[in-house]
Amino acid sequence: MTREHDASGPESHRPPGTPPDRDPHAQTHAHSHAHSHAHNHAHGHDDGHGSHLSETEARVRALESILVEKGYVDPAALDVLIETYETHVGPHNGAHVVARAWSDPDFADWLRRDASAAIHALGYVGRQGEHMVAVWNTPEEHNMVVCTLCSCYPWPVLGLPPVWYKSAPYRSRAVRDPRGVLADFGVALPEATRIRVWDSTAEIRYLVIPMRPEGTEGWSEAELARLVTRDSMIGTGLALAPDAPDAVHP
């Protein structure tokens, strides 16, 4: 089932990184703790010593401790899972897909018609990525992805979801005030650009194909992939400019 939302609605000014009121997904995904912890470092909300854990982190940590204590979860297996999704599976996979689409018209056409098959052909398969849909940004339309119910996310191409993606403020504001959310992320679009919000479900996950930056004609796939960020593939960011100092290494 696909859920799509109208982009209009009242404004709210709570930032997307505000700790969530309640995140039901955290109750079923104990392995997200370490990842969430790392991202909060990046956003400056956590000192890394447990004294300023967000509500979600505290809840996940408590659940993880109980599951380990009762023997339901093997800490070593948990570490392997986290290591896999943080180092071997991550946004670089999605960046490869986007760069291929930018540079290969035939692949781009395949991605439009059957994103699951096209993405799987590059070797990116697994849980949470069985059924994919690619949505393309244009000057007339910008796409943004959210999961209003929990945190459904395309793991094989983007890795584990960031904390803000799972937060209640992002999940609620993305459908009511997408332009305001984009502003919080530093993205200002022309008023004429329509914003389309896609609601991920357990059945379908979305990958935003950002617009290819100007001045990249003749670039290789690896060079193009450096300009594709995780946020640009969720729709809360744009592809980097060719001369951006923080371009991601493939």
Side-chain angles (χ1 to χ4, degrees), residues 25 29 31-32 34-39 42 77-137 143-147 150-166 185 198 200-213 216 219-240 242 244 246-250:
H25 198 70
H29 291 271
H31 57 261
S32 66
H35 175 77
S36 302
H37 192 74
H39 273 285
L78 199 60
D79 288 343
V80 170
L81 182 63
I82 292 171
E83 171 72 12
T84 296
Y85 276 97
E86 290 195 337
T87 61
H88 302 296
V89 180
H92 51 278
N93 290 353
H96 180 203
V97 174
V98 173
R100 176 66 63 87
W102 282 348
S103 57
D104 184 342
D106 290 337
F107 181 80
D109 180 62
W110 190 11
L111 193 63
R112 291 178 190 276
R113 291 184 287 105
D114 188 348
S116 299
I119 292 171
H120 294 174
L122 296 181
Y124 306 133
V125 298
R127 293 186 59 208
Q128 313 270 348
E130 296 90 346
H131 305 289
M132 295 288 302
V133 171
V135 290
W136 302 68
N137 285 349
N143 297 281
M144 190 162 72
V145 181
V146 66
C147 176
C150 49
S151 58
C152 295
Y153 194 74
W155 291 9
V157 289
L158 295 186
L160 297 175
V163 169
W164 56 259
Y165 185 83
K166 298 180 288 185
F185 279 89
W198 299 87
S200 291
T201 69
E203 291 80 22
I204 297 178
R205 314 298 164 98
Y206 298 93
L207 178 69
V208 175
I209 309 299
M211 288 191 292
R212 178 171 176 167
T216 59
W219 282 37
S220 68
E221 277 187 23
E223 291 172 324
L224 290 170
R226 295 176 56 236
L227 307 180
V228 184
T229 67
R230 177 199 62 195
D231 288 5
S232 71
M233 292 182 282
I234 299 174
T236 53
L238 305 176
L240 299 175
D246 52 349
V248 179
H249 292 287

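The figures here come from the full heavy-atom set of this structure, side chains too, leaving out hydrogens, waters and symmetry mates.
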Qualifying salt bridge (Lys or Arg N to Asp or Glu O under 4.0 Å) pairs with a residue from residues 92-108, counting only residues at least two apart or across chains: Arg100-Glu221
Backbone of Val208 reached by a side-chain donor or acceptor of Asn143 within 3.5 Å: no
Main-chain N/O of Cys152 paired to Tyr165 side chain as donor or acceptor, under 3.5 Å: yes
Side-chain touch Tyr153/Pro162, heavy atoms, less than 4.5 angstrom: yes
Shortest non-hydrogen contact between Ala134 and Leu111, atoms and distance: CB-CG, 3.8 Å
Non-neighbouring partners of Arg212 that pass salt bridge (Lys or Arg N to Asp or Glu O under 4.0 Å), sequence neighbours left out: none
Student check: side-chain heavy atoms of Val98 and Met233 closer than 4.5 Å: yes
Note, Leu224 side chain near Ser103 side chain (heavy atom, < 4.5 Å): yes
Minimum heavy-atom distance between Ala101 and Ala108, given as atom pair plus value: O-CB, 3.4 Å
Criterion side-chain contact (heavy atoms from CB on, under 4.5 Å) on Trp155 and Leu160, from CA distance to verdict: CA-CA 6 Å; Trp155 291 9; Leu160 297 175; 4.3 Å; yes
Distance in Å, Ile119 CD1 paired with Trp110 CH2, rounded so as to fall on 0.5 Å steps: 10.5 Å
Ring geometry between Trp164 and Phe185 (parallel below 30°, tilted from 30 to 60°, perpendicular above 60°): perpendicular
Over all atoms of both residues, closest heavy-atom pair of Ala95 and Ala225: CB-O, 3.7 Å
Arg226 CZ to Ser220 OG distance, which is reported to the nearest 0.5 Å: 9.0 Å
Interatomic distance, Asn93 atom CG to Leu122 atom CG [nearest 0.5 angstrom]: 9.5 Å
Atom of Val145, atom of Ser200 and distance for their closest heavy-atom approach: CG1-OG, 3.3 Å
Steps toward side-chain contact (heavy atoms from CB on, under 4.5 Å) verdict (Met132, Tyr124): CA-CA 11 Å; Met132 295 288 302; Tyr124 306 133; over 6 Å; no
Trp219 vs Leu227 side-chain heavy atoms within contact, under 4.5 Å: yes
Option among Val97, Thr216, Val228 that satisfies the side-chain contact (heavy atoms from CB on, under 4.5 Å) test with Trp102: Val228
